[in-house]
Number of protein chains: 2
Amino acid sequence: MTTSKYSFTLNSDLYIKDPTSSETGRKVIASGAKLILENGIEAFTAKKLAVDAGITEATVYKYFANKQRLLQYYFQLYWTWLEQQVKVFTAIETDPLQSLVKAVRVISNIPAVAADPGVITKYDLRELVINEGSKAYYHAQVDEDNAKRFFAPYKSITALLATMILAVKPDEKYPLALATTIIEMSHSLKYYAKHLPALTDFPHETDQVKLDDFLLQLLYNSLKIKP
Amino acid sequence: MTTSKYSFTLNSDLYIKDPTSSETGRKVIASGAKLILENGIEAFTAKKLAVDAGITEATVYKYFANKQRLLQYYFQLYWTWLEQQVKVFTAIETDPLQSLVKAVRVISNIPAVAADPGVITKYDLRELVINEGSKAYYHAQVDEDNAKRFFAPYKSITALLATMILAVKPDEKYPLALATTIIEMSHSLKYYAKHLPALTDFPHETDQVKLDDFLLQLLYNSLKIKP
DNA sequence: TTGCAGAATATAGTATTACTATAATTTACA
DNA sequence: TGTAAATTATAGTAATACTATATTCTGCAA
């Protein structure tokens with residue numbers, strides 16, 4: 001691990017050279033996110049990134065060994081940043097239940113006042129992770145990558161939410177699975193609402209409000225608390 | 001749509017030539033599943049499939065236009081088959097709640113007595129869909145593919161479960177989202193239990209029992225019913 | 001049995017991709 | 001100003017995702 005230009009630390013095994021350490025590196029991050037968002041990780045190539053960023057292909061490989069690592073970089077950046085947001089927004093709450101509700105709201109819906117983490121806007125980063133994030137770990141090298149702690153931030157935010165769940169309901173049998181369910185569904189239901197709406201009860205215009213309502217209801221019912 | 005060798009019908013736009021219609025086609029399905037399971041869809045190539053099946057690369061392309069279509073074929077086969085299983089196993093139940101519980105159990109854990117759908121065992125097919133299934137729709141062409149009704153069986157089993165939920169709790173506000181949550185988590189939590197256990201509360205040996213317990217508790221709590 | 005249409009399969013290619021090795025240039029600062 | 005180290009560019013290679021075309025089967029009418 002080494003510090004970078006963010007207010008938090010990313011796993012340095014993800015990259016060959018820290019992309020936040022140079023203007024060229026920041027172009028790699030920005031163009032990469034833009035192109036992956038536009039056409040998906042499958043259509044994304046180092047050559048396209050190089051052309052978009054006005055650099056050469058070989059330069060891209062000076063920063064990231066391959067596109068899987070670049071994707072995992074965004075993945076780690078997103079979850080690290082989101083956990084930080086959860087901490088910031090729950091710090092002011094004293095009641096455990098209010099804290100938990102706030103955490104779910106932050107996870108489901110980025111607060112408008114949050115500052116951008118850097119080169120990519122938080123909205124683009126979130127959409128990138130919603131669309132492509134699962135491919136960071138649904139991969140043949142998942143166990144190797146897990147051993148390198150690439151998924152630590154994702155586990156960390158899940159553990160934080162699980163702790164908050166236990167603070168409200170100390171006898172909850174499956175706090176981690178419940179936390180995972182809320183985090184995962186808050187992202188995948190957004191994708192479904194947009195692309196496969198038959199899997200949700202959310203008309204497109206109202207999806208955020210209804211998604212928040214669904215997740216909180218799921219939580220309240222699981223904790224056997226009346227809203 | 002056209003009928004194939006299964007007791008149900010798959011979308012004929014998925015393939016160029018029905019792989020169940022010839023010995024070579026069945027080899028494509030069998031070798032494809034084997035190789036995708038072994039090393040993931042990213043490492044999978046038409047050439048490797050051809051070598052494994054003892055055919056040539058061009059022959060593979062006579063059956064499937066590309067590997068995305070082959071993956072979507074497995075995806076559709078799995079969900080169509082699983083919905084049929086749910087129907088078979090809930091047909092004997094008369095009580096709506098017992099039906100629903102049985103449905104969740106079938107979705108979470110393949111009953112041992114179920115017959116294989118054909119060339120691939122149901123266990124391999126399920127593992128393939130758990131590992132790679134989300135890539136069938138987390139893809140830049142999701143809207144096009146959805147218009148071609150490639151995800152119809154996935155929507156159909158979700159709609160069936162939602163209907164069963166409504167039969168138990170007619171005033172449920174989000175039956176589809178709840179059905180999606182149960183179906184999705186029944187698969188992804190299995191993957192996490194195996195590869196990222198820190199995201200679950202399930203020690204590896206007992207994961208199936210605990211996963212079933214977690215999902216049923218989520219359901220009971222959501223329906224406000226005591227187990 | 002032969003002839004032959006159409007289906008099935010094989011051969012041989014191409015453009016693109018995911019990298020790598022090495023050369024050239026810039027920068028940092030003694 | 002000179003030079004080592006850092007940075008970037010050039011120029012490759014092996015592999016991949018297909019496609020075009022050639023060849024071989026297969027069923028069955030004459």
Side-chain angles (χ1 to χ4, degrees), chain A residues 2 4-5 12-32 35-36 38-73 132 135-136 139-141 144-145, chain B residues 2 4-5 12-32 35-36 38-73 132 135-136 139-141 144-145:
Chain A
T2 183
S4 75
K5 293 288 157 61
S12 61
D13 290 342
L14 280 171
Y15 47 77
I16 294 163
K17 177 182 153 76
D18 184 351
T20 65
S21 71
S22 71
E23 193 51 47
T24 303
R26 287 185 289 272
K27 281 186 200 162
V28 170
I29 298 294
S31 291
L35 294 174
I36 292 172
E38 273 172 15
N39 298 307
I41 191 87
E42 289 83 10
F44 171 79
T45 72
K47 179 74 192 158
K48 288 178 190 168
L49 164 44
V51 169
D52 188 85
I55 58 178
T56 63
E57 208 186 335
T59 303
V60 178
Y61 287 101
K62 292 285 164 180
Y63 288 90
F64 291 97
N66 51 57
K67 66 180 182 180
Q68 181 68 6
R69 287 287 178 271
L70 178 60
L71 177 61
Q72 287 168 338
Y73 182 89
E132 313 289 342
K135 295 166 194 169
H139 197 278
Q141 283 75 46
E144 270 172 59
D145 291 352
Chain B
T2 186
S4 76
K5 293 288 156 63
S12 60
D13 290 342
L14 280 171
Y15 47 78
I16 294 163
K17 175 181 156 74
D18 185 351
T20 65
S21 72
S22 70
E23 194 50 46
T24 304
R26 287 186 288 273
K27 280 187 203 162
V28 170
I29 298 294
S31 291
L35 294 175
I36 292 172
E38 273 172 16
N39 298 307
I41 190 86
E42 289 81 11
F44 171 77
T45 72
K47 180 76 193 156
K48 288 177 190 167
L49 164 44
V51 170
D52 188 84
I55 58 177
T56 64
E57 208 185 337
T59 302
V60 177
Y61 286 103
K62 291 285 165 181
Y63 287 90
F64 291 97
N66 51 59
K67 67 180 180 179
Q68 180 70 4
R69 287 286 178 273
L70 178 60
L71 177 61
Q72 287 168 339
Y73 182 90
E132 312 289 342
K135 296 167 194 167
H139 196 277
Q141 283 75 45
E144 269 172 59
D145 290 353

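Every chain is numbered from 1, with letters handed out A, B, ... down the list of sequences.
- Residue contacts shown for B:T45 are limited to sugar-phosphate atoms, with no base heavy atom under 4.0 Å away.
- Look at B:T24 and you'll find a side-chain N or O under 4.0 angstrom from OP1 or OP2 of C:dT9.
- Comparing C:dT17, D:dA9, C:dT9 by their closest approach to the side chain of B:K62 singles out C:dT9.
- Atoms CD (A:E57) and C1' (D:dT13) sit 13 Å apart, rounded to a whole Å.
- We find that CG of A:N66 is positioned 14 Å from C1' of C:dT20, with the value rounded to whole Å.
- Spacing between atom CG of A:L70 and atom P of C:dT17 amounts to 16 Å, rounded to whole angstrom units.
- Nucleotide D:dA17 holds its P atom 14 Å from the CG atom of B:L71, rounded to whole Å.
- Between B:Y63 and C:dT9 there is a side-chain polar atom (N or O) within less than 4.0 angstrom of OP1 or OP2.
- Listed nucleotides: D:dC18, C:dT11, C:dT20. Nearest to the side chain of B:T56: C:dT11.
- Side-chain contact between A:L70 and A:F44: present, with at least one pair of heavy atoms (C-beta onward) separated by less than 4.5 Å.
- Using modelled atom types, one side-chain atom of B:K67 and one backbone atom of B:I41 make a donor-acceptor pair closer than 3.5 Å.
- Dashed line: the shortest gap from a side-chain N or O of A:T59 to OP1 or OP2 of D:dT7 is not under 4.0 Å.
- Of all heavy-atom pairs spanning B:N39 and A:A140, the tightest one is O-CB, 3.3 Å.
- Atom CZ of B:R69 is separated from atom CG of B:D145 by 4.5 Å, given to the nearest 0.5 angstrom.
- Distance NZ (A:K48) to C1' (C:dC19): 16 Å, rounded to an integer number of Å.
- Atom OH in A:Y61 sits roughly 18 Å away from atom C1' in D:dT7 (whole-Å rounding).
- Along DNA chain C, the nucleotide nearest to A:A58 and the one nearest to A:E42 differ in position, and the one closer to the 5' end is contacted by A:E42.
- The residue A:F64 sits apart from the nucleic acid: no heavy atom pair falls under 4.0 Å.
- Contact between the side-chain N/O atoms of A:K17 and the OP1/OP2 oxygens of D:dT7 is found at a separation under 4.0 Å.
- Using a 4.5 Å heavy-atom threshold, the side chains of A:I29 and A:F64 count as touching.
- Here A:K47 lies out of heavy-atom contact (under 4.0 Å) with every strand.
- Rounded to whole Å, the distance from CD1 on A:I55 to P on C:dT26 is 17 Å.
- Atom NZ of B:K27 and atom P of C:dA8 are 15 Å apart (whole Å).
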